[in-house]
Amino acid sequence: MKRVFVNKVSKYVGEKVILKGWVYNSRRSGKIGFLTFRDGFGLLQCIVVKNDVGDEKFELFKTLTQESSVIITGEVVKNERAPGGFEILVSDVELIHLSKDYPITPKEHGTDFLMNNRHLWLRSKRQHAILRVRHQIVKAIRDFFDSNDFTLVDSPIFTPNAAEGTSTLFGTDYFGKTAYLAQTGQLYGEASAMAFGRHYNFGPCFRAEKSKTRRHLTEFWMVEPEIAYCDIEEDMQWAEDLLVHIVNEVLEHRLEELKVLDRDVDLLKKTKGPLPRISYTDCIEILQKDGFDIEWGDDFGSPEETHIAEKYDRPVIVHRFPSKIKAFYMKRDPEDEKVVLGMDILAPEGYGEIVGGSERETDIDVLIERIEEEGLNQDDYEWFLDLRRFGSVPHSGFGMGLERVVAWICGLSHIRETTPFARTMGRINP
RNA sequence: UCCGGUAUAGCUCAGUUGGUUAGAGCAGCGGACUGUUAAUCCGCGUGUCCGAGGUUCGAGUCCUCGUACCGGAGCCA
């Protein structure tokens, strides 16, 4: 007899198989029982008939509780009445472990309670679907860069200095010195791009911002490509191609999961290139015309960002921001010194900024000046300045926040469900 | 950090103008039922009313402080 996984049972119709997993739910109607079985690959209805399994096994079945672990033996049959179209006619049930008082019942729960039980919540259908979409997105990202000859070069997590100011960094004791957890791999990415031409890094980032919103985590994953001999226009194109590829891959492989999440797939299907591009200056005009109290030079707040994004049915690229509101390493536009060659991509439906990128400043004097302006210590950036001393070339890159992309694609109301164990301002457990 | 809200059974919540004995559904346990989809039906139990102080003859209810959580803002991916 063969041990099979739930997602493959359709290949074994008429055969007797073994399934190893857990009880998702069980119901009884006299001498026939319905056990919804889960093995991590999917859910499957198992039929336990008293006359088939015998009195002893039927009594055992009656004692099974939610999330007890079981090994089921039975015949795979096709049946329209079963969710998914297939079910198991059980001939034997073996109890591995009896679960007592599983806290998450098949009824409503509050988010705080569920987050306290996150280690168990992961087993539920909805969380399972979200994390499978996340997995698909990660795979799509890696495949995209791999097929375009990018080399994965990891950036360090312990860093001695800040990339963009120190207020948002977590400090740790590093043998008597202060080390910070990386908030971005950006600066190291530039070194890698000069070594490998096309590079990306993909790992966790840490921000100590006291942000308590549905869009913020203190620990999140960011993918950051950096490309040598690349200007801002090409940079936008790379970001667009990556986004479109991610959406296509999820639509191709995870429709079932999107259905579980009740996601409006038609909205996602609109994410096709070319994505609209609009300058910061044009955004300000639109915002002023629509009654927002905003002046050229101000950064967008959340309402402004949402207003711009709502003008489009797909992600929109906003470019050329005032240099004052952007990071020191962004290159100034030679055609207009007041703005930098930076870009953000705003997701539709109010999901906010999912990508931020730029062409990088190559002029070492401008960089030194900007480092001073930001109040940063030049000594910490000498290695970074070396990249402008030895074979400096025009280069660009961007960062894409994985969790925000997952939230948008899944249509979630809060980012905390996009990651297995969310770290937010108020939570570090479980 | 600022603004607003909430805190009552294992879970989700109700609880009137302050009134004497604290309520429901679900989960759990027992029973009925051979096609259930969060099954249904019958029976059974459960409380530091978030904490401390105050007002009052009397506080789950009103006041003060604290704590936790939720929503929003700022900041950002």
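Throughout, a chain's letter reflects where its sequence line sits, starting with A, and its residues are numbered from 1.
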Do we count Phe220(A) as stacking onto A77(B) if the rule is ring centres under 5.5 Å and planes under 30°?
yes

Strictly by ring pair (Phe, Tyr, Trp, His ring centres under 6.0 Å), give each pair with a member in residues 269-304 of chain A just once, sequence neighbours left out.
Tyr280(A)-Trp296(A), Tyr280(A)-Phe300(A), Tyr280(A)-Phe321(A), Phe292(A)-His307(A)

Among G35(B), C76(B), C29(B), which is the nearest nucleotide to the side chain of Asn79(A)?
G35(B)

Grab the CZ-P distance between Arg27(A) and A27(B) for me, whole Å please.
12 Å

Taking atom CD of Glu369(A) as the centre, report whether more than 12 heavy atoms of other residues, nucleotides or ligands fall under 6.0 Å from it.
yes

Distance check, P atoms only: G47(B) and A38(B), in whole angstrom units.
32 Å

Asp112(A) side-chain proximity, nearest of U34(B), C29(B), C69(B)
C69(B)

Considering only residues two or more places apart or on different chains, which pairs with a residue in residues 48-67 of chain A satisfy salt bridge (charged side-chain N to carboxylate O under 4.0 Å, His left out)?
Arg38(A)-Glu67(A), Lys57(A)-Asp92(A), Glu59(A)-Lys62(A), Glu67(A)-Arg123(A)

Counting only side-chain N and O atoms of Arg416(A), is one of them less than 4.0 Å from OP1 or OP2 of C70(B)?
yes

Are any protein N/O atoms closer than 3.5 Å to N/O atoms in nucleotides 45-49 of chain B? If there are, list each pair with its distance.
none

For U17(B) and C11(B), measure between their P atoms and round to the nearest Å.
28 Å

Please report the distance, rounded to the nearest Å, between NE2 in His216(A) and C1' in A73(B).
11 Å

For the ring-ring contact (aromatic ring centres under 6.0 Å, His included) test, which of Phe196(A), Phe145(A), Phe202(A), Phe144(A) pairs with Phe150(A)?
Phe145(A)

Out of U1(B), C76(B), G35(B), which has the shortest distance to the side chain of Arg215(A)?
C76(B)

Results of salt bridge (Lys or Arg N to Asp or Glu O under 4.0 Å) for Arg263(A) - residues two or more places apart only
Glu349(A)

Euclidean distance for C1', A9(B) against U46(B) (whole angstrom):
6 Å

OP1 or OP2 of U36(B) sitting under 4.0 Å from any side-chain N/O of Ser29(A)?
no

Could you tell me how far U40(B) sits from G35(B) if I compare only their C1' atoms? Round to whole Å.
13 Å

Ignoring the backbone of Val49(A), work out which of C29(B), U34(B), A38(B) is nearest its side chain.
U34(B)

Does Asp293(A) CG have over 12 foreign heavy atoms under 6.0 Å away?
no

Let me know, please, whether Met425(A) or Val355(A) comes out on the 5' side of the other along RNA chain B by nearest nucleotide.
Met425(A)

Watson-Crick/G-U partner (both atom distances under 3.5 Å) of U1(B)
A73(B)

Nearest whole angstrom, please: distance from the P of A32(B) to the NZ of Lys31(A).
10 Å

Do any N or O atoms from the side chain of Glu304(A) and from the backbone of Gly301(A) form a donor-acceptor pair under 3.5 angstrom?
yes

Start at the 5' end of RNA chain B and walk down; is the nucleotide closest to Thr65(A) or to Arg28(A) reached first?
Thr65(A)

Between G35(B), G74(B), G71(B), spot the one nearest the side chain of His414(A), thanks.
G71(B)

Regarding Ser302(A) and Arg215(A), is there a side-chain donor-to-acceptor distance under 3.5 Å anywhere?
yes

Integer angstrom distance from the C1' of C57(B) to that of C41(B)
48 Å

Gap in Å between the two P atoms, one belonging to A68(B) and one to G74(B), rounded:
24 Å

Scanning all shown strands, the Watson-Crick or wobble mate of G43(B) with both distances under 3.5 Å is C29(B)

Tell me yes or no: between the side chains of Gln186(A) and Glu224(A), is some donor less than 3.5 Å from an acceptor?
no

Proximal nucleotide (of C76(B), G74(B), U36(B)) relative to the Pro303(A) side chain
G74(B)

What is the separation between atom CD1 on Ile88(A) and atom C1' on G35(B), rounded to the nearest whole Å?
16 Å

Looking at C50(B), which nucleotide sits across from it as a Watson-Crick or G-U wobble partner, both distances under 3.5 angstrom, or is there none?
G66(B)

How close or far is atom P of A68(B) from atom CZ of Arg427(A), stated in whole angstroms?
13 Å

When you get a sec, tell me which of C76(B), C33(B), U36(B) is the closest nucleotide to the side chain of Arg207(A)?
C76(B)

Name all pairs fulfilling the ring pair (Phe, Tyr, Trp, His ring centres under 6.0 Å) condition that reach into residues 39-70 of chain A, sequence neighbours left out, sorted by first residue then second.
Phe5(A)-Phe41(A), Phe58(A)-Phe61(A)

We want to know whether His414(A) and Thr418(A) form a side-chain donor-acceptor pair, criterion being a heavy-atom distance below 3.5 angstrom.
no

In whole Å, measure the gap between the C1' atoms of C76(B) and U1(B) for me.
16 Å

Given G35(B), C76(B), A77(B), which nucleotide is nearest the side-chain atoms of Glu305(A)?
C76(B)

Nucleotide opposite G58(B) in a Watson-Crick or G-U pair, distances under 3.5 Å
none

Go ahead and name the base partner of G23(B); Watson-Crick or wobble counts if both distances stay under 3.5 Å, otherwise write none.
C13(B)

Euclidean distance, atom NZ of residue Lys324(A) to atom P of C75(B) [Å, nearest integer]
15 Å

Who is the Watson-Crick or G-U wobble partner of G35(B), with both distances under 3.5 Å?
none

Which nucleotide in the list G71(B), A73(B), A77(B) gets nearest to the side chain of Thr213(A)?
A73(B)

Taking atom C1' of G71(B) as reference, at what distance in whole Å does atom CD1 of Ile415(A) sit?
16 Å

Aromatic ring pairing Trp383(A)/Tyr188(A), orientation class (parallel under 30°, perpendicular over 60°, tilted between)
parallel

Between the base of G35(B) and the side chain of Glu80(A), is there a donor and acceptor pair under 3.5 angstrom?
no

Might you list the N or O atoms of the protein lying below 3.5 Å from N or O atoms in nucleotides 6-13 of chain B, with each pair's distance?
residue, atom, partner, partner atom, Å
C11(B), O2', Glu108(A), O, 3.0
C11(B), O2', His109(A), ND1, 2.5
U12(B), OP1, Gly110(A), N, 3.0
U12(B), O2', Glu108(A), OE1, 3.3

Worked check of side chain to side chain contact (heavy atoms under 4.5 Å, CB included) between Leu402(A) and Ile137(A)
CA-CA 8 Å; Leu402(A) 175 65; Ile137(A) 291 171; 3.7 Å; yes

Whole Å only: how far is the CG atom of Asn25(A) from the P atom of A27(B)?
9 Å

Considering only the C1' atoms, how many Å lie between C13(B) and C49(B), rounded to the nearest integer?
13 Å

Proximity to the side chain of Ile32(A) - top-ranked nucleotide from U34(B), C75(B), U36(B):
U34(B)

